[in-house]
Structure formats: C-alpha cells, structure tokens
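Just so we're on the same page: letters track the sequence lines, and every chain starts at 1. Keep in mind that what you see is a predicted model, and the values were worked out from it rather than measured.
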Amino acid sequence: MGIKDLLRFMKPYVEPIHIKKYAHKRVGIDAYSWLHKGAYSCSMELCLNTEGDKKYQYINYCMHRINMLRHHNITPVLVFDGGNIPCKALTEQQRHSKRKDNRELAMAKLKEGDTNAAIEMFQRAVSITPLMAHQLIQILRSENIEFVVAPYEADAQLAYLSSLDADKGGIAAVISEDSDLLAYGCSSVIFKMDRYGNGEEIVIDKVFDSVGRLPSFLHFDKELFTGMCVLAGCDFLPSVPGIGIAKAHALVSKYRNLDRVLSVLKYDKGDQMPKDYFTSFREALAVFQHARIYDADSKRLKHLTPLGETLLNYSDEELDFLGPELSSSQASAIAEGQLDPCTMMGFNEFPSCNGQPKKSIAVNNRSMKQEATTEGCFPIVSSSKPGTKKITVVDRTKPEPSLERLSNLKQLISPSNNDIHVNPAKRSSVVPNNNPFKRKKESTVLNECATEHSEVTEVEDLEMTPNSQKSVESKKKVTSGKKAESKSESNKNTILNFFSRV
DNA sequence: AAGCGGTTAAGAT
DNA sequence: TTAACCGCTT
C-alpha cells in the first residue's frame with residue numbers, strides 16, 4: 001500500500017510527536033485507516049455479518065480516537081474514500097482476491113472447528129464497506145463531527161484540505177498510515193498514531209529545506225518528489241524492475257526533470273519497460289497532482305491542483321483516468337454521505353425504490369458491494385416518499401445481543417417506551433439498534449410499514465484517555481431541536497468502566 | 001549498492 | 001500486517 005519503501009527511506013525526516021502539538025487546530029483523518037484497524041477486533045462478525053454489538057466495535061475504536069483528539073482540543077475532520085479510480089483497479093482487484101481467498105480459508109477453519117485459526121484468517125479477509133463507513137458517518141453527524149466523503153481517493157481530499165487555510169476548512173495535519181499522502185503533497189502527515197496520541201510526523205517543507213541530511217531533497221520540489229514516488233512504485237503503477245525508492249531518488253536528484261529521467265530510463269531499461277510505461281507514468285503523476293476532489297465551498301468537484309496546459313486540452317473521456325466527472329448534486333450528495341459512492345445509490349432506501357440511475361463511476365466497485373446495496377437499508381426500513389414525515393421505530397421483539405458484555409452499556413439505553421419521535425428532517429440519522437454510543441429513545445409505529453429503525457436522540461462523549469481522569473466535557477447534541485437531557489454524571493462512571501475494559 | 005524474494009519477529013485488537 | 005534481516009542477483 002502506498003509508495004513502496006517510502007517511509008523507510010524517509011526515516012531521517014521522521015519526528016516523534018504527540019498530537020497535542022495540534023491543539024486548537026483542525027486535523028484531517030484518513031478514516032479508512034481507522035476503520036480498518038477497528039475492524040480487526042470484530043473481523044469474524046463483519047465477515048459473517050453476525051447480528052450483535054460486536055459487529056460495531058470498529059465504531060467504538062474510531063470514536064475512542066476521535067474523543068482522544070477532542071480531549072486535546074483538536075478538531076477532527078474525517079475523510080472517507082469515495083469511488084475507485086481506473087488506474088487503481090488492478091491493485092483493488094489483487095486485494096479483493098486475497099481477501100476472498102482468506103475468507104474461504106477462514107470458512108474452512110470454521111468448519112473444522114478451529115475458531116482461533118478462523119479469526120486469524122477473517123482478520124485478513126475484512127474489507128471496509130461503504131455501509132461501514134456510512135454507519136460511522138451517522139454517529140459523526142449526531143456528534144457534530146466534521147466529515148467529508150471524497151469523490152475518489154481520500155488521500156487526495158486530505159491533501160486538498162491540507163492546502164487550505166483553517167478558516168476555509170483547511171487542516172493543519174493529516175493522521176494516516178498511508179505514505180501516498182506525501183506523494184499527494186500533503187504538508188504534514190502523522191503516521192502510526194497510537195491510542196494516546198503519540199505518532200511519527202513528516203513535514204514536507206522540512207524535508208525540502210533540510211541541509212546536510214541524507215537523503216537530500218534540497219533541489220526537489222513537489223512535482224519531483226511525486227515523480228520519485230511514482231518511479232518507486234505506487235498503487236497506480238508498479239515500478240520498472242530494478243527501480244526502487246533509492247534509484248528513483250538518485251535519478252530525480254541527478255536529472256531534476258521527470259522527462260529527462262524517463263528518457264534515461266528508457267535508454268537503460270527499455271527492454272524491461274512496459275510499452276505504455278511513459279503514458280502510465282504521466283497518468284499516475286497526474287492523479288497525484290490533479291486528482292478530483294470535492295470543494296465544499298462551491299459544492300463542486302475540482303482538481304487538487306489546476307490542470308496544466310496539456311491536460312486542459314484533454315477531452316472529458318481522456319480525463320476519465322482521474323475518475324469520471326460528477327455533477328454538483330452527485331458530488332455533494334456523496335460528500336455529505338447520502339449517496340454510496342460505489343453504487344451511486346442512497347443509503348437509506350431500498351435499491352428498488354431509489355430513483356437514482358446507477359451510473360458507473362468506477363471500473364471496479366468496492367469489494368463486498370452487495371452489502372452496500374442489499375444491506376445498505378439495514379436496519380432501516382422506512383418510507384421513501386419524499387416529504388413524508390418519518391416515524392421511527394425500534395423493534396422491541398428483537399433481543400439485545402451480547403447483553404452480558406454490555407451490562408453497563410445497557411444502562412445507557414433509555415428505558416422509556418411509547419415515546420413518539422417524529423423527525424422529518426433527518427432522513428439519515430439512523431444508527432444500528434445496538435449502537436453503543438447512543439442512548440436510545442424508542443418509538444412506536446404510527447404509520448407505514450416501518451419495522452426496526454432507531455433514531456439518534458442523544459450522544460455521550462466518552463472519556464477514554466487512560467492517562468487522564470479528567471473527563472472530556474460532554475457535548476450534547478440535539479436532533480430536530482429536541483433538547484437532550486443529560487444523565488451524564490450518573491452514567492459517566494459506567495461509561496468509564498465500560499471503556500476501560502475494552 | 002540496491003533490488004528483491006523469503007523468513008522471522010513484533011504489534012495490534 | 002509491517003518491519004527488519006538475510007542471501008542471492010543485477
């Protein structure tokens with residue numbers, strides 16, 4: 001993943017930092033990396049789609065980290081991946097097939113009765129689905145945490161936000177595990193951040209300005225750096241055999257011009273180079289430089305950096321390697337988490353009653369997209385008539401799963417029955433019935449065919465910083481102007497107890 | 001000296 | 001899954 005060996009190569013420029021360095025700043029988060037780490041603890045449940053609380057532990061993980069950031073007065077901005085771009089199709093395909101193999105191995109182990117071995121395989125089989133992202137997004141909405149779904153690569157969106165001033169929605173740093181961020185020109189990236197906020201930072205300007213440190217980037221600029229990354233091998237294009245990060249750096253240092261590097265490469269390695277390497281290289285470079293990103297200000301797609309003369313002359317089809325252009329309404333519906341960027345269908349509707357045409361926006365849809373379509377409605381079954389007042393309902397017949405694990409958590413759930421909650425505005429503020437971050441108000445059926453469907457009414461901030469006994473100040477959120485009542489003092493200890501055990 | 005395949009140890013949840 | 005290391009090859 002990312003640029004081959006880049007982080008190892010950049011080791012001399014890595015500085016250990018604590019996230020509190022960014023107190024009172026906005027910090028972007030590559031949501032995929034957290035979702036993926038969080039999914040480890042519930043990989044089997046996710047793969048088998050087992051009903052129960054455990055399946056949602058990845059949300060738990062993400063919220064812990066978000067609350068840690070908030071504890072340090074950092075404003076988190078979560079950025080989710082959107083559709084796949086064509087030149088990443090091969091990488092995606094390889095990952096998908098590996099996961100499929102591991103899934104089959106896991107199922108075999110399960111059949112044998114070797115659960116431990118099965119879990120190990122399931123951990124290699126989990127993929128992050130748009131549905132999982134959507135479920136986290138619903139919590140983020142209710143917690144008023146900023147997020148955006150990128151039209152394509154989250155990394156590109158993060159790099160864009162990194163280029164903006166804070167008052168224009170910009171971010172001061174990015175938390176990620178992916179070295180691609182540097183190739184996209186992100187100014188400050190924090191890798192390997194742990195649960196306490198310790199991480200390793202690379203600041204790109206320090207790299208360019210550093211005198212006497214090796215490897216030297218003194219005569220590099222962003223374009224040369226990105227070129228070096230593409231030469232070394234990235235998700236969009238494998239490297240020419242025999243070229244790794246060190247050779248790529250040496251070539252770019254020596255010639256200081258990517259065209260010259262390419263012609264030298266052709267001369268030296270012409271026989272081992274794919275015929276279309278030159279074209280592929282230019283496209284990969286262009287993705288890193290001019291990826292399509294969502295501009296929240298104009299509510300349109302834009303390019304990460306403006307297209308140069310050559311690319312400006314390209315037709316729409318010729319620019320499709322950046323991912324197809326999207327209309328303003330599509331782009332903003334995706335960005336705001338209402339449209340599944342892979343299927344272009346709404347999250348809260350049945351596929352059958354969704355009027356959106358299924359535009360193919362990507363060569364390869366995400367793996368396990370069937371979850372995103374057929375199960376995207378789970379556990380929501382609500383009216384699709386626009387403008388109709390929605391009545392939300394919790395199915396009381398369904399037992400709460402894993403109650404023994406959630407004995408404390410259960411106390412968070414409001415026992416009040418027959419509490420009708422009409423909420424026409426928030427079509428999408430729907431969370432799983434057993435979302436451990438919510439106290440739920442339950443509603444009765446008033447109309448239509450609604451079945452199980454819970455409505456967010458209140459959110460607790462969760463203290464999880466082990467070093468600190470001070471609680472993060474609880475920020476109560478209100479849906480539809482409904483004031484949330486606080487039971488936080490009586491519940492805080494039980495919350496603390498619960499999360500100290502997790 | 002660097003790339004690259006293979007192996008092994010450590011880390012996370 | 002990554003990071004580090006080994007040994008072989010270019």
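Every residue two or more places apart in sequence or in another chain that forms a side-chain hydrogen bond (donor to acceptor under 3.5 Å, both in side chains) with A:Ser176 is listed here: A:Asp30.
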Could you walk me through whether A:Met193 and A:Trp34 pass side chain to side chain contact (heavy atoms under 4.5 Å, CB included), step by step?
CA-CA 10 Å; A:Met193 193 191 74; A:Trp34 281 6; 3.8 Å; yes
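Considering only side-chain N and O atoms, A:Arg124 lies nowhere under 4.0 angstrom from the phosphate OP1 or OP2 of B:dA12. Residue A:Arg195 has no polar side-chain atom (N or O) positioned under 4.0 Å from OP1 or OP2 of B:dA12.
Rounded to a whole Å, the CD atom of A:Glu200 is 15 Å from the P atom of C:dT2. As a whole-Å value, the separation of A:Phe191 CZ from C:dT2 P is 13 Å. Across the protein-nucleic acid pair, A:Leu35 atom CG and B:dT13 atom P stand 14 Å apart, rounded to whole Å. Summarising the geometry, the separation between CG on A:Leu7 and P on C:dA4 is reported as 11 Å, rounded to the nearest angstrom. At whole-Å resolution of the value, CG in A:Asp194 and P in B:dA12 are 8 Å apart. Rounding to whole angstrom units, CZ of residue A:Arg99 and C1' of C:dT1 are separated by 13 Å. Summarising the geometry, the separation between CD on A:Glu177 and P on B:dG11 is reported as 16 Å, rounded to the nearest angstrom. The OH-P distance, from A:Tyr196 to B:dA12, rounds to 9 Å in whole Å.
Atom NZ of A:Lys269 sits in a crowded spot, with more than 12 heavy atoms from other residues, nucleotides or ligands closer than 6.0 Å. Annotation: A:Lys254, atom NZ; neighbour count of heavy atoms from other residues, nucleotides and ligands within 6.0 Å does not exceed 12.
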Contact letters for nucleotides 2-8 of chain B, in which S counts primed atoms plus P, OP1 and OP2 and B counts the base, heavy atoms under 4.0 Å
SSS----
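No close placement of the A:Tyr22 and A:His72 rings is indicated, their centers lying 6.0 Å or farther apart.
A:Asp221 has no carboxylate O lying under 4.0 Å from a charged side-chain N of A:Arg256, or vice versa, which leaves the two without a salt bridge.
If you check every strand for non-hydrogen atoms under 4.0 Å, A:Lys192 touches sugar and phosphate atoms only.
Nearer to the 5' terminus of DNA chain C, by closest-nucleotide assignment, is the contact made by A:His36 (compared with the other of A:Lys11 and A:His36).
Side-chain N/O atoms of A:Arg70 and A:Asn67 include a donor and acceptor closer than 3.5 Å.
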